[in-house]
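Every heavy atom of this structure was used, including side-chain atoms; hydrogens, water molecules and symmetry mates were not.
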Amino acid sequence: RITDDGPAITDISEVTSTLVLETDDGGLSGGNAGGDTSDSTDYSGVFETAAGTAYGADSGSNASVSSSGFDLELQVVEGTQAKGSINDPSATDQSLTSGNEEVYLYTLDGNTIVGSTLTSLEWSALVDKTDTILGEYVFRVQTTDGGVVSLNQYAEIDHLPTDGASSDYADQTWTLDDGQIYLTGTVTVTDNDTDTAADSDGYLDLGGNLRITDDGPAITDISEVTST
């Protein structure tokens, strides 16, 4: 008799990533600075790296590490106002507004979290929560089953308290605080004869990974003016 060996997987808890999703107020309709209103990146790799490659004795060309089943989980109560910082990562816990209206966080489904100016009562009463206009979306965060996360922006955000800036508006960057939105997924280590070990406890806190830059006014160059 010859017994089998199997893969092992490192216990995964929190993983981190330096990959950032960034959109721009200036990319919205009427914006001056230009820019993007959507961005996406694949975070599956940081989960797979954390799992390790302990294939055991049955390593070989068919051994692999894969990930799937990614979801977004809201870590605060539904309808909590989003928190972030402007430029200074230590100046956290600043409440997010858009056009002086509070921006609240809601779970649309297991793959989608929305930042909206609707109150909890208004959100609950909304029949079609996928309607970005009726839902008064400010931004939407989504993930695919494979861990590709996207950030889409629909309305400007107030980059306060830096409201006295007179130039370099796009350098004013709002960043989501930690502890609000987690990306979770399942990682599987498969050895050469297809034995598997899996872990679904890993998560990526997207605080620090979601950013929105500011826009600002523009003025026509003035030289000589005339008057009658």
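- A donor-acceptor contact shorter than 3.5 Å links the side chain of T80 to the backbone of V77.
- Minimum heavy-atom separation, N87 to D171: OD1-O, 3.1 Å.
- By the 4.5 Å heavy-atom criterion applied to side chains, L206 and Y43 are counted as neighbours.
- Checked against a 6.0 Å centroid threshold, the rings of F70 and F47 count as neighbours.
- Checked by atom type and distance alone, the side chain of N192 pairs as donor or acceptor with a backbone atom of N62 at under 3.5 Å.
- No donor-acceptor distance shorter than 3.5 angstrom exists from the side chain of T97 to the backbone of E101, with no hydrogens or angles considered.
- Side-chain contact between E102 and T117 is absent, with no heavy-atom pair separated by less than 4.5 Å.
- Contact check for L21 versus T41: side-chain heavy atoms found under the 4.5 Å cut-off.
- For Y182 (side chain) and G202 (main-chain N/O), no donor-acceptor pair under 3.5 Å exists by modelled atom type.
- Here CG of N209 is found 9.5 Å from OG1 of T175. Values are rounded to the nearest 0.5 Å.
- Using a 4.5 Å heavy-atom cutoff, the side chains of I181 and L74 are in contact.
- Follow the hydrophobic side-chain contacts under 4.5 Å out from V114 and you never reach L151; the two are in separate clusters.
- With Q81 contributing its side chain and L96 its backbone, the two residues share a donor-acceptor pair below 3.5 Å.
- At least one donor-acceptor pair under 3.5 Å links the side chain of D191 to the backbone N or O of D193.
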Please evaluate residues S67 and E48 with respect to the criterion side chain to side chain donor-acceptor pair (under 3.5 Å), reporting the C-alpha separation (whole Å), side-chain torsions for both, the decisive distance (0.1 Å), and the verdict. CA-CA 7 Å; S67 55; E48 294 168 7; 2.7 Å; yes

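- Side-chain heavy atoms closer than 4.5 Å link hydrophobic residues (I, L, V, M, F, W, Y) into clusters, and following such links, even through other members, never connects V138 to W123.
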Mind running side-chain contact (heavy atoms from CB on, under 4.5 Å) on Q142 and N111 for me, showing each step along the way? CA-CA 5 Å; Q142 287 184 305; N111 298 106; 5.6 Å; no

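- I12 places none of its side-chain heavy atoms less than 4.5 Å from the side chain of D201.
- Under the side chain to side chain contact (heavy atoms under 4.5 Å, CB included) rule, I212 has a single partner from D25, T173, D39, which is D25.
- If you take NZ on K129 and OG on S124, they are separated by 6.0 Å, rounding to the nearest 0.5 Å.
- The distance from atom OG1 of T37 to atom CD of Q153, rounded to the nearest 0.5 Å, is 7.0 Å.
- D109 contributes a side-chain N or O that, together with a main-chain N or O of T112, makes up a donor-acceptor pair within less than 3.5 Å.
- The shortest side-chain heavy-atom distance between Q172 and T213 does not fall under the 4.5 Å cut-off.
- Distance alone, capped at 3.5 Å, is enough to place a donor-acceptor pair between the N32 side chain and the G216 backbone.
- Without hydrogens or angle criteria, E122 side chain to T119 main chain gives a donor-acceptor distance under 3.5 Å.
- Criterion: ILVMFWY side-chain heavy atoms under 4.5 Å apart, direct or through other members. Under it, Y104 and Y154 are part of a common hydrophobic cluster.
- Placement of L210 and L105 within a single hydrophobic cluster is found when ILVMFWY residues are connected by side-chain heavy-atom separations under 4.5 Å, directly or transitively.
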side-chain contact (heavy atoms from CB on, under 4.5 Å), that's the test. Do W174 and S85 meet it? Break it down for me. CA-CA 6 Å; W174 175 84; S85 63; over 6 Å; no

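- Side chains of T92 and K83: no donor on one and acceptor on the other come within 3.5 Å.
- Of all non-hydrogen atoms in V187 and A51, the two that sit nearest each other are CG1-CB, 3.4 Å.
- Between the side chain of Y55 and the main chain of A8, no donor-acceptor pair closer than 3.5 Å is present.
- Around atom CG of D11, no more than 12 heavy atoms belonging to other residues, nucleotides or ligands sit under 6.0 Å away.
- By the rule that hydrophobic residues join a cluster once side-chain heavy atoms approach within less than 4.5 Å of another member, Y203 and L19 end up as members of separate clusters.
- At least one side-chain heavy atom of L183 sits less than 4.5 Å from a side-chain heavy atom of T143.
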